[in-house]
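What follows is a single structure, written as structure tokens, with notes after it.
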Amino acid sequence: MNSHTVPKKLLKQFAYEDLRTRSYRLYCYQKGIQPYPISPKSATAFEGYFADPDDPKREKELETRLNNEFENPAHRFLPEVNNPSFELTDVQRRQMTHYLTLLFWRSMAARDGRKH
């Protein structure tokens with residue numbers, strides 16, 4: 001199962017529309033390689049990111065739970081954030097805090113830092 005370290009909805013906001021493929025693209029940068037376009041769907045998808053060898057179903061359960069508890073509540077109001085009249089409520093502020101914390105802990109940099 002591909003786990004996304006950054007939600008696709010968030011990546012799409014930074015993507016450009018490629019007229020040739022008629023789809024959204026991001027540039028992927030890697031050391032020693034020329035930047036290349038990639039779709040937001042696969043940009044930060046890693047096979048087995050939350051894999052548990054003792055419980056194969058755990059990865060899907062964890063992905064679903066993170067999506068339901070942290071990502072979806074923030075996704076409901078994220079499109080409104082650009083509106084100048086939008087103000088975060090206390091509940092939305094808490095949801096956004098949880099969402100950003102989740103993004104950090106799912107990042108590859110955080111994962112690499114935990115190895116030491």
Side-chain angles (χ1 to χ4, degrees):
M1 170 178 191
N2 279 340
S3 297
H4 291 273
T5 57
V6 178
K8 292 178 280 186
K9 184 173 185 134
L10 187 63
L11 288 171
K12 192 173 179 182
Q13 292 178 351
F14 294 97
Y16 70 94
E17 191 170 355
D18 186 357
L19 299 176
R20 189 176 54 81
T21 61
R22 295 185 188 170
S23 62
Y24 286 100
R25 295 283 183 230
L26 293 164
Y27 274 100
C28 183
Y29 294 89
Q30 293 180 352
K31 189 174 183 176
I33 299 175
Q34 281 290 101
Y36 57 92
I38 191 169
S39 73
K41 182 178 181 180
S42 59
T44 62
F46 298 97
E47 181 66 36
Y49 189 79
F50 291 115
D52 182 354
D54 297 330
D55 185 3
K57 292 187 279 184
R58 185 166 184 234
E59 182 178 19
K60 184 165 181 63
E61 291 168 2
L62 183 59
E63 279 289 333
T64 302
R65 184 174 172 212
L66 291 173
N67 191 37
N68 292 337
E69 292 181 22
F70 300 104
E71 292 179 20
N72 287 340
H75 289 172
R76 287 189 200 107
F77 64 84
L78 272 178
E80 305 293 323
V81 171
N82 290 337
N83 185 343
S85 63
F86 177 76
E87 287 188 35
L88 283 173
T89 65
D90 288 339
V91 170
Q92 289 171 327
R93 192 172 286 110
R94 195 174 320 108
Q95 290 170 336
M96 192 63 159
T97 301
H98 292 155
Y99 181 68
L100 292 174
T101 303
L102 174 68
L103 291 180
F104 171 75
W105 284 110
R106 292 177 100 179
S107 72
M108 291 303 285
R111 185 176 183 158
D112 289 344
R114 288 190 297 267
K115 289 179 183 175
H116 299 288

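Keep in mind that this is a model prediction, so the values were computed, not measured. Numbers here simply count residues along the sequence, with the first being 1.
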Salt bridge present between Lys57 and Glu61 (N-O < 4.0 angstrom): no

Parallel, tilted or perpendicular: ring planes of Phe86 versus Phe77, cut at 30 and 60 degrees: parallel

Nearest-0.5 Å distance, CZ of residue Arg76 to CD of residue Glu71: 12.0 Å

Closest contact, heavy atoms only, Glu87 versus Gln92: O-OE1, 3.7 Å

Interatomic spacing from CG in Leu88 to CD in Glu80 - rounded to 0.5 Å: 11.0 Å

No-hydrogen, no-angle side-chain donor-acceptor test under 3.5 Å, Asp18 and Thr21: yes

Distance-minimising heavy-atom pair for Arg25 and Ser39: NH1-CB, 3.1 Å

From Arg94 atom CZ to Thr89 atom OG1, the distance as rounded to the nearest 0.5 Å: 8.5 Å

Approximate separation, where rounding is to 0.5 Å, of Ser23 OG and Glu17 CD: 8.0 Å

Approximate separation, where rounding is to 0.5 Å, of Phe70 CZ and Arg65 CZ: 6.5 Å

Separation between OG1 of Thr97 and CG of Leu102, rounded to the nearest 0.5 Å: 12.5 Å

Closest approach of Leu26 to Pro40 (non-hydrogen atoms, all atoms of both residues): CD1-CA, 4.1 Å

Close aromatic pair by centroid cut-off 6.0 Å: Tyr27 and Tyr16: yes

